[in-house]
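Okay, so here's the structure we're looking at.
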Amino acid sequence: MHSLNISSMAKKIYFIMLKNIYRIFVNIPKNSKLIVFESFLGKQYSDSPRAIYEYIKENHPALKTYWVVDPRYKNNFADCNLRTVYKFSPKWLLIMLRSKYWVFNTRIPLWVKRGKGTVYLQTWHGTPLKKLGLDIKEVHMPGTTTESYHKNFSLASKKWTYLISANKFSSEIFKRAFDFDGEMIEVGYPRNDKLIKDNTLEKINSIKNSLSIDRSKKVILYAPTWRDNAFHKKGSYKFQLELDLKHLEKEFGEDYIIIMRLHYLISDSTDFSQYSYIRDCSHYDDISDLYLISDVLITDYSSVFFDYALLKRPILFFAYDLEEYRDKLRGFYLDFPEKAPGSVVKSTEQLVVELRKLEKMNFQVSHKHLNFLEEIGTFDDGASTMNVVNIMLDTN
């Protein structure tokens, strides 16, 4: 116990020093050739920051790049061939202070200020169904109050030079919910370029081969979100799987593979090793690959369905706690389930019925799905990454 107390005290002193040094040197001259990336709090090499990084490596090789890594998730970066830096290390401090460009998809600590000369591109990580930021009327997350949550979100957005929007629907919401008054880049999500360019049988089979997925089997992607009020402690969330996996195995185990993709905040909470027809891809680095190989998406209130809808493949919504989530936890921006581009169910049995219906329809999407895409008004055209980078680097 004594050693734990010393360790805790040493950590506290270290962070006090780190913050003070950062504050003193925040406005030192920036290196115009230095750019730093972070995805999902340093847990993944993924999402729009990855798409932007790969474009820059190919088209702007003179830029020196670093990826921020949470040391607890260093294995996720082991084979990525990246120049990395551990989050909150002394080297991280120097790189953050000196970098001309930051590319992140989640918020960063409030004490990490944007100094003079730094360009901060906030890619964000999805089109919102559930209420965000200042639009959340009552916050149920641990370690905060509604008032402080709203204040901190507003302070965070003031650091963003640019914010990416994937569609007309998001632009209005982001300005209000994030209290954002910077420049909105309305060109679509860089991560979605892949859905437009790589939606080919050759690419799909290549991904399936890499994951050892039998091409003769249909693939279901299950990608639920997290619950604000389900947590162990601040920053540590839990997830109770409500799907009856044994029932699904009995119905679909012979002809289907189910890919599990849990939200990054709950990705370590469930063990699927006893089920041979399930693949846990929660830590797979690029969810776009999982979209491309899936015949149908099952989600709840996750923003993944906005991206997946671009593929014009069916979506089912397993919304077992719809009333609690909508009326108590978050609230929605859409009239859900009226506008949802797919059937909304509350039990595994109902889910089975809807999957059987999709089988009979040969997994074709409905007019409701197509109407949804038209109403959302996507900006995605396959050139989002190029357009974002040109604006960020001011090379237009």
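One-based numbering along the sequence shown.
- Residues Phe372 and Ala309 come closest through the heavy atom pair CE2-CB, 4.3 Å.
- Evaluation of the side chain to side chain contact (heavy atoms under 4.5 Å, CB included) rule for Pro109 yields Phe88, Trp111, Val112 as partners, not counting sequence neighbours.
- For the residue pair Ser206/Asn209, the side-chain donor-acceptor check at 3.5 Å is not satisfied.
- Ring-plane geometry between Trp124 and Phe174 is classed as perpendicular, the angle between the planes exceeding 60 degrees on a 0 to 90 degree scale with a lower cut at 30.
- Separation of atoms CG (Leu195) and CD1 (Ile287) is listed at 10.0 Å; rounding is to 0.5 Å.
- A heavy-atom distance below 4.5 Å is found between the side chains of Ile220 and Leu355.
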Q: Please report the C-alpha distance between Asn387 and Ser384 in whole Å, then the side-chain angles of each, then the deciding distance to 0.1 Å, and finally whether the side-chain hydrogen bond (donor to acceptor under 3.5 Å, both in side chains) criterion is met.
A: CA-CA 5 Å; Asn387 291 326; Ser384 299; 5.9 Å; no

**Q.** Step-by-step ring pair (Phe, Tyr, Trp, His ring centres under 6.0 Å) determination, Tyr45 to Phe37
**A.** CA-CA 9 Å; Tyr45 171 50; Phe37 298 85; 9.0 Å; no

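- Val365 belongs to a hydrophobic cluster whose remaining members, ordered by chain and number, are Leu370; membership requires side-chain heavy atoms of ILVMFWY residues under 4.5 Å apart, directly or through intermediates.
- Using a cut-off of 4.0 Å between Lys/Arg side-chain N and Asp/Glu carboxylate O, Arg356 and Glu359 are scored as salt-bridged.
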Q: Go through the steps to decide whether Ser39 and Asp47 satisfy the test side-chain hydrogen bond (donor to acceptor under 3.5 Å, both in side chains), and finish with yes or no.
A: CA-CA 7 Å; Ser39 182; Asp47 205 60; 5.1 Å; no

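- Legend: side chain to side chain donor-acceptor pair (under 3.5 Å) pairs involving residues 306-316, not counting sequence neighbours, sorted by first then second residue: Arg191-Asp307, Asn192-Asp307, Asn199-Arg313.
- With sequence neighbours excluded, the residues that form a ring pair (Phe, Tyr, Trp, His ring centres under 6.0 Å) with Phe153 are Tyr149, Phe178.
- Using modelled atom types, one side-chain atom of Ser282 and one backbone atom of Leu262 make a donor-acceptor pair closer than 3.5 Å.
- One distance of note links NZ of Lys33 with OG of Ser99; it measures 14.0 Å at 0.5 Å rounding.
- In this view, Glu323 and Arg326, Asp327, Lys346 satisfy the side chain to side chain contact (heavy atoms under 4.5 Å, CB included) rule, not counting sequence neighbours.
- At distances below 3.5 Å, at least one donor-acceptor pair connects side-chain atoms of Arg279 with backbone N or O atoms of Leu211.
- Looking at Asn76, its side chain does come within 3.5 Å of a backbone N or O of Lys43 through a donor-acceptor pair.
- Between Asn75 and His283, the closest side-chain pair of non-hydrogen atoms is not below 4.5 Å.
- A salt bridge links Arg50 to Glu54: one of the charged nitrogens lies within less than 4.0 Å of a carboxylate oxygen.
- Not counting sequence neighbours, the partners of Lys368 by the side chain to side chain contact (heavy atoms under 4.5 Å, CB included) test are Ser366.
- Across Leu97 and Lys30, no two heavy atoms sit closer than the pair O-NZ, 2.7 Å.
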Q: Mind running salt bridge (charged side-chain N to carboxylate O under 4.0 Å, His left out) on Glu354 and Lys357 for me, showing each step along the way?
A: CA-CA 5 Å; Glu354 293 302 321; Lys357 287 181 183 178; 3.3 Å; yes

Q: Check step by step if side chain to side chain contact (heavy atoms under 4.5 Å, CB included) holds for Ile293 and Ile259.
A: CA-CA 10 Å; Ile293 65 172; Ile259 293 176; 3.6 Å; yes

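- Listed for the Ser170 side chain is no donor-acceptor partner under 3.5 Å among the backbone atoms of Ser165.
- Counting only distance, with no hydrogens or angles, the side chain of Asp295 and the backbone of Val219 share a donor-acceptor pair below 3.5 Å.
- Listed by first then second residue, pairs satisfying ring pair (Phe, Tyr, Trp, His ring centres under 6.0 Å) with a partner in residues 346-371 number zero, not counting sequence neighbours.
- The list of side chain to side chain donor-acceptor pair (under 3.5 Å) pairs with a residue in residues 81-91, not counting sequence neighbours, reads Glu38-Lys87.
- Atoms CZ and CG, from Phe40 and Asn105 in turn, are 4.5 Å apart once rounded to the nearest 0.5 Å.
- A side-chain donor from one of Asp135 and Tyr333 sits under 3.5 Å from a side-chain acceptor of the other.
- For residues 181-213, there are no ring pair (Phe, Tyr, Trp, His ring centres under 6.0 Å) pairs, not counting sequence neighbours.
- Residue Leu155 belongs to a hydrophobic cluster whose other members are Leu110, with links defined by side-chain heavy atoms closer than 4.5 Å.
- With sequence neighbours left out, the side chain to side chain contact (heavy atoms under 4.5 Å, CB included) criterion links Thr200 to Glu202, Lys203.
- Among residues two or more places apart in sequence or in another chain, the ring pair (Phe, Tyr, Trp, His ring centres under 6.0 Å) test is passed with Phe336 by Phe317, Phe332.
- Looking at Lys74, its side chain never comes within 3.5 Å of a backbone N or O of Val69 through a donor-acceptor pair.
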